[in-house]
Amino acid sequence: MAIQAGSLCRSCKGGCTDCPSDAEPLLLKGSQCPACNGKRCAKCRNTGLLAITSCPKASITANTCEAMDAALLAKHGSWPVAGGWLDQTKSVVQAVTYIWNCQKAESPDHG
């Protein structure tokens, strides 16, 4: 979500200019390390934050982009399948809900 909003990789403009690495990971503020659930471990360098060690854009798949597009369209009332929430497939509902929750967690007024 942060990449889509332009708050991550702001200076890259399509090509990684300061790619994160194992030696210098990108630590995402407001995130939790999945290995320790934010309790601090060696994987997150005892920060409790998610540590990204490669180009974040490289990990975004076509399916991720489609799910993010679906979440945006659904927010405006346009669903992949005609009808409402209950007419959608389970995977669409899960993906859209997950993306909305991530966006909510990243919003400045969350807390």
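Because only heavy atoms are used, hydrogens play no part in the values below, and waters and symmetry mates are left out as well, while side chains stay in.
- Taking the side chain to side chain contact (heavy atoms under 4.5 Å, CB included) definition, one finds that C44 meets it with C33, C36, C41, T47, sequence neighbours left out.
- Across all their heavy atoms, G48 and R40 have their closest contact at N-CG, 3.7 Å.
- Membership of the apolar cluster around L49 extends to L27, as traced through chained side-chain contacts below 4.5 Å between ILVMFWY residues.
- Using modelled atom types, no side-chain atom of Q32 and backbone atom of L50 make a donor-acceptor pair closer than 3.5 Å.
- Under the side chain to side chain donor-acceptor pair (under 3.5 Å) criterion, T61 pairs with T64, not counting sequence neighbours.
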Below 3.5 Å, can you tabulate the donor-acceptor pairs from side chains in residues 19-26 to any protein atom, sequence neighbours excluded?
unit_1, atom_1, unit_2, atom_2, d
S21, OG, A23, N, 3.4
S21, OG, E24, N, 3.0

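- Other cluster members for L73: none, since no ILVMFWY side-chain heavy atom sits under 4.5 Å from it.
- Here the straight-line distance linking atom CD1 of I99 with atom CD of Q94 works out to 12.0 Å at 0.5 Å rounding.
- Judged as a ring pair (Phe, Tyr, Trp, His ring centres under 6.0 Å), the pairs with a partner in residues 65-84 (not counting sequence neighbours) are, in order, W79-W85.
- Between A71 and W100, the closest heavy-atom pair is O-NE1, 3.2 Å.
- Under the side chain to side chain contact (heavy atoms under 4.5 Å, CB included) criterion, A95 pairs with A67, not counting sequence neighbours.
- In this structure, the side chain of T97 engages the main chain of V93 through a donor-acceptor pair within 3.5 Å.
- The side chain to side chain contact (heavy atoms under 4.5 Å, CB included) check on S54 picks up nothing, with sequence neighbours excluded.
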